[in-house]
Amino acid sequence: MLLLLFKMELMEYKCIRCSFYRKNIYDDDPADVTFFGTEKQVNQARTDYSNETGYNVDETHEVKIEPKGSYWYNIYGDEADEINKRTKEKLQKLTELYINNTKKTLIL
């Protein structure tokens with residue numbers, strides 16, 4: 001039952017990793033930030049972070065378990081199952097943190 005609840009919880013939440021650069025300056029190393037929450041929370045947090053820091057979003061990647069046969073699963077090759085296992089563990093930890101944080105957006 002707990003596993004089913006976890007799967008239902010994960011479906012409701014989104015985890016993205018963004019690279020930010022200072023406005024109009026691409027010579028510096030990017031700031032990498034991970035956002036976790038509902039889709040609405042994540043989108044708002046990304047926008048707020050950009051506005052408050054003055055940084056532009058350069059790249060955004062969704063952190064998720066890749067289904068067999070997907071583009072990224074095939075790119076991962078022999079390591080795909082191990083990467084998915086680590087990703088699942090990370091998402092479980094983030095879900096617990098999120099719930100313990102009264103479901104407020106996590107910015108890591």
Side-chain angles (χ1 to χ4, degrees):
M1 183 67 169
L2 185 58
L3 182 59
L4 178 60
L5 178 60
F6 170 72
K7 285 183 179 181
M8 289 173 55
E9 291 280 342
L10 261 185
M11 295 163 107
E12 296 177 25
Y13 306 132
K14 186 170 192 156
C15 183
I16 61 170
R17 184 174 194 100
C18 301
S19 295
F20 291 88
Y21 286 90
R22 284 191 278 165
K23 292 189 186 283
N24 300 320
I25 300 175
Y26 288 89
D27 295 333
D28 293 334
D29 290 331
D32 290 324
V33 181
T34 300
F35 300 94
F36 185 89
T38 65
E39 186 166 359
K40 183 177 179 180
Q41 288 175 318
V42 166
N43 290 337
Q44 186 63 53
R46 178 179 48 199
T47 300
D48 291 347
Y49 184 87
S50 182
N51 291 338
E52 291 172 13
T53 63
Y55 279 37
N56 286 331
V57 177
D58 182 51
E59 295 179 355
T60 298
H61 302 280
E62 185 173 2
V63 178
K64 64 180 185 176
I65 299 167
E66 292 294 337
K68 288 186 178 185
S70 71
Y71 175 80
W72 282 108
Y73 187 91
N74 293 336
I75 291 289
Y76 297 153
D78 294 339
E79 297 178 37
D81 290 330
E82 183 59 33
I83 290 170
N84 272 344
K85 180 180 174 187
R86 289 192 314 262
T87 300
K88 182 178 179 179
E89 290 169 1
K90 179 179 182 173
L91 291 172
Q92 286 173 328
K93 288 178 185 177
L94 289 173
T95 300
E96 289 174 26
L97 280 172
Y98 176 78
I99 291 169
N100 291 335
N101 194 36
T102 62
K103 296 190 175 185
K104 293 180 184 169
T105 311
L106 299 177
I107 303 172
L108 310 164

Checking D48 against Q44: is there a side-chain donor and acceptor pair closer than 3.5 Å? yes
Whether the D81 and Y73 side chains hold a donor-acceptor pair (N or O, under 3.5 Å, no angle test) is what I'd like checked. yes
Results of salt bridge (Lys or Arg N to Asp or Glu O under 4.0 Å) for E59 - residues two or more places apart only: none
For E62, is the CD atom crowded, meaning more than 12 foreign heavy atoms sit under 6.0 Å from it? yes
Mutual orientation of the aromatic rings belonging to Y49 and F35 [parallel < 30°, tilted 30-60°, perpendicular > 60°]: perpendicular
Check the angle between the aromatic planes of F36 and Y13 and answer parallel, tilted or perpendicular using the 30° and 60° thresholds. tilted
Hey, what do you get for [atom1] ([X]) to [atom2] ([Y]), rounding to the nearest 0.5 Å?
X: N84; Y: R86; atom1: CG; atom2: CZ; value: 9.5 Å
X: L106; Y: Q41; atom1: CG; atom2: CD; value: 9.0 Å
X: T47; Y: E52; atom1: OG1; atom2: CD; value: 10.5 Å

Any idea which heavy atoms bring [X] and [Y] closest together, and the distance?
X: T34; Y: R17; value: OG1-NH1, 3.2 Å
X: L91; Y: K64; value: CD1-CA, 4.2 Å
X: I65; Y: T87; value: N-CG2, 4.1 Å
X: A45; Y: T105; value: CB-CG2, 3.7 Å

For the backbone of Y21 and the side chain of Y55, can you confirm whether one donor and one acceptor N or O come within less than 3.5 Å of each other? no
